[in-house]
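Below, all heavy atoms of this structure are taken into account, side chains as well, without hydrogens, waters or symmetry copies. Read the numbers this way: they start at 1 and go in the same order the structure lists the ligands and their atoms.
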Amino acid sequence: MITNTTIQESNQSILKSHQRNFNHLAENLESKGLDVNQIIQQIRNLKIAIPSWALGTGGTRFGRFPGGGEPGSLEEKIADVGLLRKLNPAADSISLHIPWDIPKDPKAVLQLLEREGLTIDSVNSNTFQDQPGQAHSYKFGSLCHSEEKVRKQAIEHNLHVVEYGKQLDAKTLTVWLADGSNFPGQQHFRNAFTNTLESLKEIYSGMPSDWTMLVEYKPYEPNFYSMVIPDWGTSHLLTQSLGTQAKVLVDLGHHLPNTNIEQIVARLLHVGSLGGFHFNGSMYGDDDLTTGSIKPYQLFLIFNELVDGSLDSSVLNPPVSYMIDASHNSKDPLEDLLQSLEAIQIAYTQALVLDRSKLKQAQENNEVSPCQTIIQDAFRTDVRSLVAEANRQAGGAIDPVGVFRMAQTREILIEKRGRLSQSTGL
Ligand code: RM4
Ligand code: MN
Ligand code: MN
């Protein structure tokens, strides 16, 4: 498998051309008054969580084409993320989904995590599927359900998820609800909202005081007429009623086409309600494609808001969790995640090299064309060698996907785990 020597050897073989690109960029940036070493440090400080459910091949409702060697247990999932972390040190934690990832031996799992230099950042509940032997069905909703016994079961599940999370030192519960309706008249909007809020309150009060609850929204799917939490406004309303430990989670794929996500991010930051991200790429809806593969400009504009907010002392938003939530059926899942990681780092770095004081001045003077030029200058800066240098300095690969392929990682995983091994998930 991939070792530090494999990575060092690969880095050595492309070091010359990497340094040529990096030196050229560094010189340009320094001449604009930027501190390149400081930027490298900032890139190195950006940490991103990998979703346990994206380590296997994703399917669509029409089919699934597994690529083989998928991790069949939580331990193998940790091994896969450990591999990602070796190649790109930004990947330092894992998001888990319960019941897909129930730890059988939490102590052993913790030891394994430590060995790989990983932590569990968030545990996600699942009340969008019925589990075998479950007393009540979620067919007509979970936390919003018209019947108390169903709501109770869903609340208890979330509290169990928190218990599993505690065993693994997690500090975040992510709640995404599939609740909603398919036809007008099917569900009473106000009652569904009230039931959801009351249920969330019970979960919230069962959470330790150093935990955060992230409330994720989604405009449609699996319900197509209405979702109980369709938008950031509803998530914000709920979190406001819950308390300061509850924040909004923005999944990039959970918006209707052309929604101005960067403005949503700015708004949530402004009111201290932004809790985290699920990064992915989207063309139409919850496509869960590779982050930055479809709309890299949008990704950059989101990071532009985050960096801008981080420099404003009046913004009191607590630290935000960066998580990937992507999986599809045509790429090697690990290569896909490496590409997502790099895209996030690139967008962040472009936001860091933006000439913010110049932009501010142009905005204040309403100089529209300079505003556009300044912002696009940053976006069009090829910062790939800067990201690669930050990863190299942190012990990672200059070309993570290249090393992954050169080391025949997938072939080895197939040999070890078999062609038919299946990962838990959707
Ligand atoms: C949902 C949502 C959740 C994810 C599930 C699997 O669309 O994005 O975050 O946990 O999918
Ligand atoms: Mn999500
Ligand atoms: Mn989703």
Number the atoms of ligand 1 from 1 as they appear, then name those within less than 4.0 Å of a heavy atom of [X], with their elements.
X: His254; value: 2 (C), 7 (O), 8 (O)
X: Asp251; value: 8 (O)
X: His97; value: 4 (C), 6 (C), 10 (O)

**Prompt:** Which N/O/S atom belongs to Asp286 and is the closest one to the Mn ion (ligand 3)?
**Reply:** OD2
Output yes when the distance from some N or O of ligand 1 to some N or O of [X] is under 3.5 Å, and no in every other case.
X: His278; value: yes
X: Asn124; value: no
X: Lys218; value: yes

**Asked** Does the side chain of Asp286 come within less than 4.5 Å of Lys218's, by heavy atoms?
**Response** yes
**Message:** I want to check something: taking the side chain as every heavy atom from C-beta on, are Phe128 and Tyr138 in contact at a cut-off of under 4.5 Å?
**Reply:** no
Heavy-atom distances under 4.0 Å decide this one: backbone, side chain, both or neither, for [X] against ligand 1?
X: Asp286; answer: side chain
X: Asn126; answer: neither
X: Glu221; answer: neither

**Item:** the Mn ion (ligand 3) to nearest N/O/S of His278 less than 2.8 Å
**Value:** no
**Message:** Which atom name does Asp251 have for its N/O/S atom nearest to the Mn ion (ligand 2)?
**Reply:** OD2
State plainly whether the residues [X] and [Y] are in salt-bridge range, i.e. N to O under 4.0 Å.
X: Arg151; Y: Glu198; answer: no
X: Asp210; Y: Lys171; answer: yes
X: Arg417; Y: Glu76; answer: yes

**Fill in**
Closest heavy-atom approach to atom 4 (C) of ligand 1 among Leu177, Asp325, Leu214 is made by Asp325
**Complete:** Partner of Leu173 under side-chain contact (heavy atoms from CB on, under 4.5 Å), picked from Ile203, Leu159, Asn124, is Ile203
**Asked** Is a donor on one side and an acceptor on the other found under 3.5 Å between the side chain of Asp287 and the backbone of Leu289?
**Response** no
**Prompt:** Does Ile398 offer a backbone N or O that forms a donor-acceptor pair with the side chain of Asn391 under 3.5 Å?
**Reply:** no
**Message:** Students often mix this up, so state it plainly: with edges at 30° and 60°, are the rings of Tyr297 and Phe379 parallel, tilted or perpendicular?
**Reply:** tilted
**Request:** Quick one: the OD2 of Asp325, the Mn ion (ligand 2), OE2 of Glu216 angle, rounded to 10°, please.
**Result:** 170°
